[in-house]
*Asks:* 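Pasting a structure below so you can have a look.
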Amino acid sequence: MRNQDTMNEPYVHVGIVFDPQIEFTLLTPYQQDGRKVDGHQTVTFDHGRILWQGRLYDELLFEPEDEPTASFELHGVTIGINFHWERKEDQRFQGALRIIVEDNHLTAVNVIRVEDYLTSVISSEMSATASLELLKAHAVISRSWLLAQINKNKEIASKHTDYSACTQTDDELIRWFDREDHTRFDVCADDHCQRYQGITRASTDIVRQAIRATRGQVLTSDGRICDARFSKCCGGAFEEFQYCWEDTPYPYLRKQLDRRIRQGQTSVPDPALPDLTIEAEADRWIRTSPEAFCNTTDKHILSQVLNNYDQETTDFYRWRVEYTQKELSALILKRSGVDYGQIVDLVPVARGTSGRLWKLKIVGTKRTLTIGKELEIRRTLSPSHLYSSAFVVDKHVLSPEGIPGRFTLIGAGWGHGVGLCQIGAAVMGEQGYKYDEILLHYYIGANIEKIYS
Ligand SMILES: [Zn+2]
Ligand SMILES: [Zn+2]
């Protein structure tokens, strides 16, 4: 681990409320342009500017007089956007409050120290029953992601980056989607970025301990902060970046088995990874249940990573989905807008290193089309999202014309399988692996660097 200490702890700008009128209460004394202000405030969008206390502004910044003790409350914050439980609540924050104008509304932006932000985010994302080493690993991943966003935001004015792409011919439609970034602040407070509720809910001791122990630490590779992707369960082998998103491989997001062999004090990755890009190997892999860190049904471990553990299924290391012909053809039509007629076959065309399909040929009575990459496949074959695109297909009850009456999809893993496998990492934490061993197992050849003290 190298020590650079070349910068101070940065601040992050978090966009929280987007409304024509925003109400908030400064619970301690704040300063606006050198003037002391506290108590209940209302700001209103007015002809492209901000109306506050009878005057118009282009931007407002409320800075705490005493940062360690200061807090303010935003009223009517929408939480669970687009979920069935969407509702409004008052939320409390540390740090400064910025009001900016965007399109036809105002945006309330919380300007807060990175370590305070991370304490809040990890507390609401992770279960308090998680092991300290798992929480430390997550703290480093969240910090890496956040600082990469802040850096990107500094570059964004000069550069345009592609966040999705689509190549389409008569018989092929290959698409991938990546997260769109924000331009006027670093991250939003919703699931689109990381769910952030300020200090509305108390942080837990073990999370504060994990943040303190890893303060300033990020994953790096070639002098840059890593793109530290993660998903729920890899299915036993890691997927590589280019099979899910842009066709530019990352050296630290590489194939490997999700298991290690102990060698005295240390451990090495198990080298016995089959070539899952070969159909016969992938078929055998998916239909069996090889040993891996994420091959677990331990309720104590699963409840650390799954938010609504009680409501969710736990058979995602290997899973199975059944469709009748009627269900599948109606589903694909609804989800893709393409009328394939009756579905004759689902043919694997190309797989990545975890066995996930990144090209699948859908053969219909009216139309045949090859689709990809993994998210497009998962969206097309499920009313929401199929667990993963690592699956094989069994056809049953063929008609005289060769049209199946029923399909079984047998699959492996949950999510894209690139980078850290959350279930596997939780198991590693329980088995006594340290957070740096966990991180360097999933981000191959990366470094853990402390970039501020
Ligand atoms: Zn966002
Ligand atoms: Zn795994």
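Counting starts at 1 for both ligands and their atoms, following the listed order.
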*Asks:* Is the closest side-chain donor-acceptor distance between T214 and R143 under 3.5 Å?
*Replies:*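 Their side chains do contain a donor-acceptor pair, which is all the 3.5 Å distance test asks for.
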*Asks:* Given atoms SG of C421 and SG of C294, what angle do they subtend at the Zn ion (ligand 2), to the nearest 10 degrees?
*Replies:*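 The two atoms form an angle at the metal of about 110°.
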*Asks:* Given 3.5 Å as the limit, does a donor-acceptor pair link the side chain of W319 with the main chain of G413, or not?
*Replies:* yes
*Asks:* Quick check against the 3.5 Å criterion: does R184 have a side-chain atom that pairs as donor or acceptor with the backbone of V101?
*Replies:*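 Side chain of R184 to backbone of V101, a donor-acceptor pair under 3.5 Å: yes, one is there.
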*Asks:* Do you know the tightest heavy-atom contact between T353 and E239?
*Replies:*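 Nearest heavy atoms, T353 then E239: N-OE2, 2.9 Å.
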*Asks:* May I ask you to decide whether R351 forms a salt bridge with E279, counting only side-chain N to carboxylate O separations under 4.0 Å?
*Replies:*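 A salt bridge links R351 with E279.
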*Asks:* Could you enumerate the protein N, O or S atoms under 2.8 Å from the Zn ion (ligand 1), written like residue then atom name?
*Replies:* H182 NE2, C188 SG, H192 ND1, C193 SG
*Asks:* Should the pair R175-E376 be classified as a salt bridge under the 4.0 Å nitrogen-to-oxygen rule?
*Replies:* yes
*Asks:* Does E437 pair with K136 as a salt bridge, N-O distance under 4.0 Å?
*Replies:*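 Not counted as a salt bridge, because no side-chain N and carboxylate O are separated by less than 4.0 Å.
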*Asks:* Among the N/O/S atoms of D258, which is closest to the Zn ion (ligand 2)? Give the atom name.
*Replies:*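 So the atom name we want here is OD2.
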